[in-house]
Amino acid sequence: MTQHPQDAASLHARHQSVLPSWLSLYYERPLELTHGEGRHVWDAEGNRYLDFFGGILTTMTAHALPEVTKAVSEQAGRIIHTSTLYLSRPMVDLAERIVALSGIPDARVFFTTSGTEANDAALLLATAHRRSNQVLAMRNSYHGRSFSTVGITGNQSWSPTSLSPLQTLYVHGGVRTRGPYAELGDRAYIAACVADLEDMLQQTAGGIAALIAEPVQGVGGFTMPPDGLYAAFREVLARHGILWISDEVQTGWGRTGDHFWGWQAHADNGPPDLLTFAKGIGNGMAIGGVVARAEVMNSLTANSISTFGGSPVTMAAGLANLNYLLEHDLQGNARRVGGLLIERLRAVTAGLDLVREVRGRGLMIGVELVRPGTDERAPEAASLVLEAARERGLLIGKGGQGGASLRIAPPMTLTVAEAEEGATLLADALQAAQGMLAPS
């Protein structure tokens, strides 16, 4: 049933009265999304939108995908919850598939309910295995909202406290076109970042547990290093016995198009020691997890379980979703349609002073905005574009330092026609925003 705008305002007021002030909402008039189908969603007022953000890269295949909804319904009709204290066929089935796809030899999987929890578990495993609380992380990174993952987040917009159970050292490399090495060519850039890492390791006391890195920085605005950076880092890490954790919460399952996992763009020295995943695998159901070599995974010396991780219902959803993704080659679709979308966006933004850069890989695309005539990030522009896109029937996200980058990550079944439509709508929204920011 279509609701009146006053109903949305009332719901927003109720939200504000019972939920935290820091639980931010998009838009001046926040949206209540009521249903979806394919790459489209509808709000409570009956408006239809082309979804280019997928619930923060989580609706990976499509809204209301019949194969997933059927699997959820059938499993819920049998049993909804058991916990990890009992054998679970759906959990073993999905773990076997993920182990085979991970590229990690002699791998084990631990399921969680979110990417935050997956990264938290990976940090626990790495620090326990190495008997050290020192961790290397990338500048501009984001790994979750728990106490430990906030402590390794290199983006001040998402780091509300300096307190942490970890000692974190931040290294260069995650943002190719800004920072002290931005003007270097790719090979020189990698060499400079490796030299910085080597120098940092000489300054530290004791053994470092791990480097955790997103192959493409998600909340950071879909920034990335040149291919091969983490392979070069791995050579240094291996000499010191330091583990490599690849945070694939946003880059996994073929979304980058070129590879099934983001780490495979840096694969000269083989897979990471630990890999974390979440978001898209459940197509909206709460699944996260860690894949690690058995030696690392089995290093805990105390009891540990998960009440909700590996739930029969979420595992059934994950299996159905993964099967659909593989059977329909959604990685290939992300490569083809994502490549087209990136080139289309570069073409339509070429004459806009507001746009500094269109970057990305597959269906992970970032558009960094600046104040016209400068190189200064423009978070106010990103907010204007979000509103203008919504008015035109397009939903996108934002991120990056200060929130000045647009984040575009549609479901991986996106069609060429929908990519063209979205690019046209976004170009119109960017034009509108630039007009509003232009000096009078």
Side-chain angles (χ1 to χ4, degrees), residues 33-39 41 51 54-104 107-122 248-255 260-261 275-292 297 304-331 333-334 409-413:
L33 299 179
T34 57
H35 61 287
E37 182 179 351
R39 276 71 55 197
V41 292
D51 186 1
I56 320 178
L57 294 82
T58 302
T59 306
M60 178 171 70
T61 46
H63 291 280
L65 187 71
E67 289 82 353
V68 172
T69 55
K70 179 183 178 185
V72 168
S73 177
E74 289 180 350
Q75 180 58 55
R78 291 191 292 270
I79 190 167
I80 291 177
H81 176 72
T82 61
S83 91
T84 57
L85 293 175
Y86 304 93
L87 283 172
S88 170
R89 191 171 302 274
M91 181 161 59
V92 173
D93 288 344
L94 184 55
E96 288 174 341
R97 297 296 301 279
I98 292 173
V99 161
L101 292 165
S102 73
I104 297 175
R108 302 291 187 273
V109 181
F110 175 69
F111 288 106
T112 67
T113 59
S114 69
T116 290
E117 192 186 349
N119 285 328
D120 192 84
E248 302 275 353
V249 168
Q250 297 194 33
T251 51
W253 319 109
R255 178 168 283 281
F260 194 77
W261 303 108
L275 176 157
T276 60
F277 62 85
K279 289 193 181 290
I281 182 60
N283 205 43
M285 300 297 286
I287 307 177
V290 186
V291 190
M297 183 66 80
S304 195
I305 63 167
S306 181
T307 302
F308 294 108
S311 151
V313 174
T314 62
M315 296 295 96
L319 272 168
N321 199 40
L322 183 57
N323 287 339
Y324 185 92
L325 178 140
L326 295 171
E327 290 167 4
H328 292 81
D329 187 24
L330 296 193
Q331 178 186 337
N333 194 63
M412 290 169 60
T413 50

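Residue numbers count from 1 along this sequence.
Between A121 and V290, the shortest heavy-atom distance links the atoms CB-CG2, 3.8 Å. In this structure, A317 and G282 approach most closely via the heavy-atom pair CB-O, 4.3 Å. Heavy-atom minimum distance, A64 versus G36: CB-O, 3.4 Å. Closest non-hydrogen pair, A278 versus S114, comes out as CB-C, 3.8 Å. Annotation for Q331 and M412: closest pair N-CE, 4.0 Å, computed over non-hydrogen atoms. Scanning both residues, F110 and I305, for their nearest heavy atoms gives CZ-O, 4.2 Å.
For S83, the side-chain contact (heavy atoms from CB on, under 4.5 Å) partners at least two apart in sequence or on another chain are H81, L85, Y86. Scanning for salt bridge (charged side-chain N to carboxylate O under 4.0 Å, His left out) contacts around R108 gives D106, with sequence neighbours left out. With sequence neighbours left out, T314 forms a side-chain hydrogen bond (donor to acceptor under 3.5 Å, both in side chains) with no residue at all. Qualifying side-chain hydrogen bond (donor to acceptor under 3.5 Å, both in side chains) partners for N283, counting only residues two or more places apart in sequence or in other chains: T61. Taking the side-chain hydrogen bond (donor to acceptor under 3.5 Å, both in side chains) definition, one finds that T413 meets it with R39, sequence neighbours left out.
The CG atom of L322 sits 9.5 Å away from the CD1 atom of I287 when rounded to the nearest 0.5 Å. For the atom pair CZ (R89) and CG (L94), the distance works out to 14.5 Å, reported to the nearest 0.5 Å. The structure places CE of M91 at 6.5 Å from OG1 of T82, a figure rounded to the nearest 0.5 Å. Remark: K279 NZ to T59 OG1 distance equals 10.0 Å, nearest 0.5 Å.
Remark: side-chain polar atoms of W261 are paired, donor with acceptor, to backbone N or O of L101 under 3.5 angstrom. The backbone N or O of T112 lies less than 3.5 Å from no partner atom in the side chain of S306, so there is not a single donor-acceptor pair.
Within a 6.0 Å radius of CG in L33, other residues, nucleotides and ligands contribute more than 12 heavy atoms.
Put simply, the side chain of Q250 does not reach to within 4.5 Å of the side chain of R255, judged on heavy atoms. Residues W253 and L57 have side chains not in contact (no heavy-atom distance under 4.5 Å, counting atoms from C-beta outward). By the 4.5 Å heavy-atom criterion applied to side chains, F111 and F308 are not counted as neighbours. Within the 4.5 Å cutoff, side-chain heavy atoms of T251 are placed close to those of E248. Side-chain contact between R97 and L319: present, with at least one pair of heavy atoms (C-beta onward) separated by less than 4.5 Å.
Applying the side-chain hydrogen bond (donor to acceptor under 3.5 Å, both in side chains) rule to pairs touching residues 62-80 yields D51-H63, Q75-R78, sequence neighbours excluded.
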